[in-house]
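In listed order, ligands and their atoms are each counted from 1.
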Amino acid sequence: MPPTALTLKRHTPLLSWLQDPGSLTTRLQRHSQGTFSVQVLTQHWGRAEPSEAAALGIHPRARVLIREVILQGHGQPWVWARSILPQASLTGSLRCLRKLDNRPLGGWLFKQPGLQRDPLEVTCYAVADDRLPAALVNDQALWGRRSVFYVHGKPLLVGEVFLPAFLQTLE
Ligand SMILES: C=C(O[C@@H]1C=C(C(=O)O)C=C[C@H]1O)C(=O)O
């Protein structure tokens, strides 16, 4: 089935994960029976993609911290996550996010009082999306989600794509 024509079957177990407004880290820690870990692929300063800047409500040339990780369970690549942290957001209590290393972003986010989150956008990542490491994709379309979090009104964009090894755990 061509990726563009992929549709989510109703009641697929993945829907529950795509639409869950809670901490993905916490849910994956449970699902992995405590074997959860974060592998940082890259964390560098740069510019957001146009759609990311628009979602964050920032100037397309604003300086952002780009963080891409693989969330693992049982040592397997389960989720590819790309977070866009505007430099203007990383002030005050958010400065610590500059040095997360392999600590999960969600572990800090969901402890913040007054955390707010925009509605989740669910999307299908066609194979052609070259930001996804091809080795993780196994030449198939994948489903993901993204949303903007606000801590003390400062926006952070988090996107997650569920990988084939994770989908196998739902079968
Ligand atoms: C936002 C969360 O943080 C998770 C951890 C991430 C990280 O460490 O970079 C990125 C995306 C999330 O899946 C969460 O747990 O819900």
Show which atoms of ligand 1 fall inside a sub-4.0 Å distance from at least one heavy-atom site of P104. 8 (O)
Got a donor-acceptor contact below 3.5 angstrom from the R145 side chain to the T123 backbone? no
Under 3.5 Å: donor-acceptor pair, side chain of R67, backbone of D101: yes
Heavy-atom distance to atom 3 (O) of ligand 1: which of P21, G106, A81 wins? G106
Closest protein heavy atom (residue, atom, distance) for atom 9 (O) of ligand 1: R67 NE, 2.7 Å
Would you check if the distance from the ring center of W17 to the ring center of F166 is below 6.0 Å? yes
With salt bridge (charged side-chain N to carboxylate O under 4.0 Å, His left out) as the criterion, how do E52 and R82 come out once you've worked through the C-alpha distance, each side chain's angles and the decisive distance to 0.1 Å? CA-CA 10 Å; E52 295 170 331; R82 173 178 165 95; 2.6 Å; yes
Looking at non-hydrogen atoms alone, which of L24, L156, D20 comes nearest to atom 16 (O) of ligand 1? L24
The protein heavy atom nearest to atom 12 (C) of ligand 1 is E160 OE2, 3.1 Å
With heavy atoms of L105 as the reference, note each atom of ligand 1 found under 4.0 Å away. 3 (O), 5 (C), 6 (C), 7 (C), 8 (O), 9 (O)
Just to be sure I read this right, does ligand 1 sit under 4.0 Å from the backbone of L100, its side chain, both, or neither, counting only heavy atoms? neither
Expected output: side-chain R103 to main-chain K99 donor-acceptor under 3.5 Å: yes
Are the side chain of T35 and the backbone of H74 linked by a donor-acceptor contact shorter than 3.5 Å? yes
Just which atoms of ligand 1 are under 4.0 Å from any heavy atom in L71? 13 (O)
Given R27 and D20, is the side chain to side chain contact (heavy atoms under 4.5 Å, CB included) satisfied, shown in steps? CA-CA 9 Å; R27 195 167 174 188; D20 189 336; 3.0 Å; yes
Report, in ascending order of atom number, the atoms of ligand 1 lying under 4.0 Å from any heavy atom of V69. 7 (C), 9 (O)
Please confirm whether V79 comes under 4.0 Å of ligand 1, counting heavy atoms of the residue only. no
Identify the heavy atoms of R117 and S147 that sit nearest to each other, and give their distance. NE-OG, 2.7 Å
Do me a favour and list the nearest non-hydrogen protein atom to atom 4 (C) of ligand 1 with residue, atom name and distance? T25 OG1, 3.4 Å
